[in-house]
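See below for the structure under consideration.
We name chains A, B, ... by the order of the sequence lines, and we start the count at 1 in each one. Just so you know, these numbers use all the heavy atoms, side chains as well, and skip hydrogens, waters and symmetry mates.
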2 protein chains.
Amino acid sequence: MNGTTAQSATAPAVPTKADLIEEFAAIGNAYYQDFAAVAARHGLTSVQAKALAVLVRQPLPMRGIAEQLVCDASNVTGLVDRLETRGLVRREVGASDRRIKIVAATEAGEAAIRAVRADMQTTHQALDLLSDGERSVLFELLTRLRPVLEQKS
Amino acid sequence: MNGTTAQSATAPAVPTKADLIEEFAAIGNAYYQDFAAVAARHGLTSVQAKALAVLVRQPLPMRGIAEQLVCDASNVTGLVDRLETRGLVRREVGASDRRIKIVAATEAGEAAIRAVRADMQTTHQALDLLSDGERSVLFELLTRLRPVLEQKS
DNA sequence: TATTGTTATACTCTATAACTATA
DNA sequence: TATAGTTATAGAGTATAACAATA
């Protein structure tokens, strides 16, 4: 792995942060590929599916969607247009500020993202490799990482 | 979490697979956002950076790149054209089969992807939260998941 | 005949800049 | 004047279909 320490074969050295980053990158890319491929089979681009997944968690104004997608706000108009045409999301005028439009996933939108997640067989198969105890450990570690990882860079 | 078992507060129930999938999705998306944002700062689109990361690991024929990127082979022509124009990759004619063009990252390409990885501060900060022992555990779990997760769906 | 890479076309994603409606 | 959303435009990513070169 890093070769800086000579330990026994049964107790490998602690991985360097670079090792972990590389593994994290590979896992992140592989997950995203499964997500994009399954979304495509369901007639959604990866961006449409990602937007839908975000909106299922909570309704957001146009600019909030842009933040979540890390893209310019101008793109969100067309993106939401296409999702709205297919009945997957709904625009609602903001109550306090009429400039704001709140976008929410419809029932059809929620069903679509549920179907995509259920169909991510590669990811399911990978997680099936773990025992209950390992799943608990992984879940706990990821839950710790998530708040920091979701901050803006 | 799932509420199906009533255990003590210090020993939470084993997360369901759905819980873990959701956490995995959130982590995967957050990682990808950091990657895309940093790549953009370095003048690369996320697809260009991903292709470069793949080619740093190993040279690939055009169709191999398409497989890794989960996209049609016809797209790869333009993608590699743009990377080649900037001196980040190089096309080489295959030795055994002259139809095949092997694409390899140049030194500049390797340097570019190294710079992107080093600049992913959000991901670095997240991983800094873990102790050496936790890093080892996470690394081992991810290493187990990776071969299955990298298979085609 | 089958396969590799390319080209042509059309649609989607993306950023920048300018515009409108509202605050 | 500042902000939320939109429109216009141009470059990049994407799939489908058709093509040339090679196997």
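For B/D81 and C/dA8, the CG to P distance is 12 Å, given to the nearest whole Å. Going from atom CZ of A/R41 over to atom P of D/dA15 covers 13 Å, rounded to whole Å. Whole-Å rounding puts the A/Q48 CD to D/dA15 C1' distance at 14 Å. A/E84 has its CD atom 13 Å from the C1' atom of D/dG5, to the nearest Å. Put simply, CD1 on B/I100 is 18 Å from P on C/dA2, counting in whole angstrom units. Atom P of nucleotide D/dT14 and atom CD of A/Q33 are separated by 11 Å, given to the nearest angstrom.
With sequence neighbours excluded, the residues that form a side chain to side chain contact (heavy atoms under 4.5 Å, CB included) with A/A108 are A/L88, A/T106. With sequence neighbours excluded, the residues forming a salt bridge (charged side-chain N to carboxylate O under 4.0 Å, His left out) with A/R91 are A/D81, A/E84, listed by chain and number. Applying the side chain to side chain contact (heavy atoms under 4.5 Å, CB included) criterion to B/P147, with sequence neighbours excluded, gives no partner residue. Residues satisfying the salt bridge (charged side-chain N to carboxylate O under 4.0 Å, His left out) criterion with B/E92, sequence neighbours excluded, are B/R90. Shown here are the salt bridge (charged side-chain N to carboxylate O under 4.0 Å, His left out) partners of A/E140, two or more places apart in sequence or in another chain: A/R144. The side chain to side chain contact (heavy atoms under 4.5 Å, CB included) search around B/S46 returns B/Y32, B/A36, not counting sequence neighbours. By the salt bridge (charged side-chain N to carboxylate O under 4.0 Å, His left out) test, B/R146 pairs with A/E23, B/E150, sequence neighbours left out.
Of the residues in residues 52-68 of chain A, those placing a heavy atom less than 4.0 Å from an atom of DNA chain D are A/P61, A/M62, A/R63, in numerical order.
Base engagement by A/T77 is indicated by at least one non-hydrogen atom pair under 4.0 Å involving a base atom.
When the shell of 6.0 Å around CD of A/E22 is examined, it contains 12 or fewer heavy atoms from other residues, nucleotides or ligands.
Between B/R135 and A/D19 no salt bridge is recorded (no basic side-chain N to carboxylate O distance below 4.0 Å).
Close to C/dT6, at under 4.0 Å from its OP1 or OP2, lies a side-chain N or O of B/K101.
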Practice task
Sugar-phosphate atoms are those with a prime plus P, OP1 and OP2; base atoms are the rest. Using that split, label each nucleotide of nucleotides 14-23 of chain C B, S or - for protein heavy atoms under 4.0 Å, 5' to 3'.
Solution key: BBBB---BBS
